[in-house]
Amino acid sequence: LHFTMSTFAALLIEIALIAFVYAFDEECNGVYKVNTDVQLYPIDVCEGERFDGDAESEKYTCGDDGEVLLSIYSSLDCTGSTKFPTFLAYEPSDSEVDINCELSSAEDCQYAVVRSYLDDNSCAKGNVSRASTNYFDSTEPVNRCRYNS
């Protein structure tokens with residue numbers, strides 16, 4: 001077998017790309033349905049909603065002891081003061097969920113925030129004013145299957 005330098009470089013790039021694609025099979029930081037790969041809530045991702053003029057957003061975070069905390073804000077972007085004190089959502093010993101808080105922010109998954117409008121008339125073609133439209137945000141992991149089974 002005879003490899004030129006460019007063939008060898010191309011082979012290394014292909015191997016690196018394959019490793020990169022398969023690296024996304026790792027779990028993301030989040031709360032999972034017990035004994036599955038079904039993520040219920042991501043960690044450190046803001047999800048907002050507006051309903052009948054009331055703006056609210058929420059974010060799950062990892063505590064120092066592996067617990068998951070929930071903060072609910074009076075804004076759409078998880079800034080400002082919280083509506084309630086941050087509270088314990090899940091303990092590490094909770095038998096209903098599996099918790100992953102082990103990845104650094106650089107290692108964690110990326111998410112797309114999906115906004116769903118609740119009033120079809122407000123989403124009609126040509127309606128550009130959605131300032132008072134009811135909606136909720138949800139998240140979907142990018143480059144990763146959400147429901148591996």
Applying salt bridge (charged side-chain N to carboxylate O under 4.0 Å, His left out), name anything that partners Lys83, two or more places apart in sequence or on another chain. Asp54, Glu56
Report yes if some heavy atom in the side chain of Leu40 is under 4.5 Å from a heavy atom in the side chain of Tyr32; otherwise report no. no
State the SG-CG distance between Cys46 and Asp137, to the nearest 0.5 angstrom. 7.5 Å
Looking at side-chain heavy atoms only, is the closest gap between Asn134 and Asp52 below 4.5 Å? yes
Ile99 CD1 to Ser93 OG distance, which is reported to the nearest 0.5 Å: 8.5 Å
Distance-only criterion, 3.5 Å: show the donor-acceptor pairs between side-chain atoms of residues 66-76 and protein atoms not counting sequence neighbours.
unit_1 : atom_1 : unit_2 : atom_2 : d
Glu67  : OE1    : Asp65  : N      : 2.9
Ser71  : OG     : Thr86  : OG1    : 2.7
Ser75  : OG     : Asp77  : OD1    : 3.2
Ser75  : OG     : Cys78  : N      : 3.4
Ser75  : OG     : Thr79  : N      : 3.1
Ser75  : OG     : Thr79  : O      : 2.8

Distance alone, cut at 3.5 Å: any donor-acceptor contact between the side chains of Tyr111 and Glu47? no
Is it the case that one hydrophobic cluster holds both Phe84 and Tyr41, taking links as side-chain heavy atoms less than 4.5 Å apart, direct or via other members? yes
Check for a donor-acceptor pair, side chain of Asn29 on one end and backbone N or O of Asp108 on the other, with a separation under 3.5 Å. no
Check whether any side-chain heavy atom of Val34 lies under 4.5 Å from a side-chain heavy atom of Val97, and answer yes or no. no
Gap separating the CD1 atom of Ile43 from the SG atom of Cys109, nearest 0.5 angstrom: 12.0 Å
Taking the six-membered ring of Tyr135 as reference, does the NZ or CZ atom of Arg115 fall below 6.0 Å from its centre and within a 45° cone about the axis? yes
To the nearest 0.5 Å, what is the distance between SG (Cys28) and CG (Leu103)? 7.5 Å
Distance from Gln39 atom CD to Glu140 atom CD, nearest 0.5 Å? 9.5 Å
